[in-house]
Amino acid sequence: GNYTATAIITPPTADLYNEIDEITLNWKIVKADLAPVASVGEISKLYAGEDITITKDMITGLPANYAVKAITGDVTARNVGTYNITISFEYTGEGAENYNDIPDLNWTWAITPAPLSLTPFAQATYGQEATNKGFSGNFVGSDDETVLKGEAQYAHDYEVGNNAGDYALTLSGLTAD
């Protein structure tokens, strides 16, 4: 803030010096800078098939008395990828009014691929070819087989005429982004 002080100077010996008028001094105390935030904890979310929004409580690793004031940029995303955000901070410690704003931090966060497993199935009646081939998967959200690319290929060790029983079945030829 701005401050004013008035000084009255009285000479030590009145007969040697003239009396000095009052002197008014004005001075200003300027706000101090706080250390910028160099980094925050990694922000990485697993693909969930729905929008993911970065919130203040997801920002970790802040110095004492620092808080997230706002997050702007690519705050909400749905698909796998890397996204850019800007994080604004505020000082919440004692005497906060005596400090300049903390510089913003540009940061990235990511949505990483969810694991996907496909389980093949087929059916055969003794003496006949294997039919009714297909697969099931642990798709996320509203995702289904339409996210897959390629053509399902099945390999098995069953041959017509084999005895009834369980046989190995392998699925290949499909990928997902």
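Note that this is a predicted model, so its numbers are computed, not measured.
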Next item on the list: Check whether more than 12 heavy atoms from other residues, nucleotides or ligands sit under 6.0 Å from atom CD of Glu42, and answer yes or no.
Entry: no
Please examine the side chains of [Y] and [X], heavy atoms only from C-beta on, and report whether any two atoms are closer than 4.5 Å.
X	Y	value
Asn100	Lys31	yes
Asp33	Tyr99	no
Leu116	Asn138	yes
Trp109	Ile52	yes
Lys133	Tyr154	yes
Ile111	Thr82	no
Val75	Tyr83	no
Trp107	Ser39	yes

Next item on the list: Please report the closest heavy-atom contact between Asp74 and Ile85, naming both atoms and the distance.
Entry: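 Looking at all heavy atoms of both residues, the closest pair is O-CG2, 3.5 Å.
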Next item on the list: Can you see which heavy atom on Ala152 is nearest to which on Leu171, and at what distance?
Entry: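 Nearest heavy atoms, Ala152 then Leu171: CB-CD1, 3.8 Å.
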Check: Are Asp104 and Thr86 close enough that a side-chain donor and a side-chain acceptor fall under 3.5 Å?
Finding: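 No, no side-chain donor-acceptor pair sits under 3.5 Å.
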Margin query: Under a 3.5 Å threshold, yes or no: a donor from one side chain and an acceptor from the other, between Tyr47 and Asp143?
Written below: yes
What side-chain donor-acceptor pairs closer than 3.5 Å can you find for residues 54-64, not counting sequence neighbours?
unit_1: Thr55; atom_1: OG1; unit_2: Asp57; atom_2: OD1; d: 2.3
unit_1: Lys56; atom_1: NZ; unit_2: Lys69; atom_2: O; d: 3.0

Check: Picking from Thr92, Ile102, Val40, what satisfies side-chain contact (heavy atoms from CB on, under 4.5 Å) with Tyr66?
Finding: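 Answer after filtering Thr92, Ile102, Val40: Ile102.
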Checklist line | Among Asp101, Leu34, Val37, side-chain contact (heavy atoms from CB on, under 4.5 Å) partner for Phe89 | finding: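 Looking at Asp101, Leu34, Val37, the match for Phe89 under the side-chain contact (heavy atoms from CB on, under 4.5 Å) is Val37.
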Would you be so kind as to tabulate the donor-acceptor pairs closer than 3.5 Å made by side chains of residues 117-130, with sequence neighbours excluded?
none

Notebook entry, point to check: Looking at residues at least two apart in the chain, or sitting in another chain, which of them share a ring-ring contact (aromatic ring centres under 6.0 Å, His included) with Phe139?
Noted result: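 Once residues adjacent in sequence are excluded, Phe139 has no partner under the ring-ring contact (aromatic ring centres under 6.0 Å, His included) criterion.
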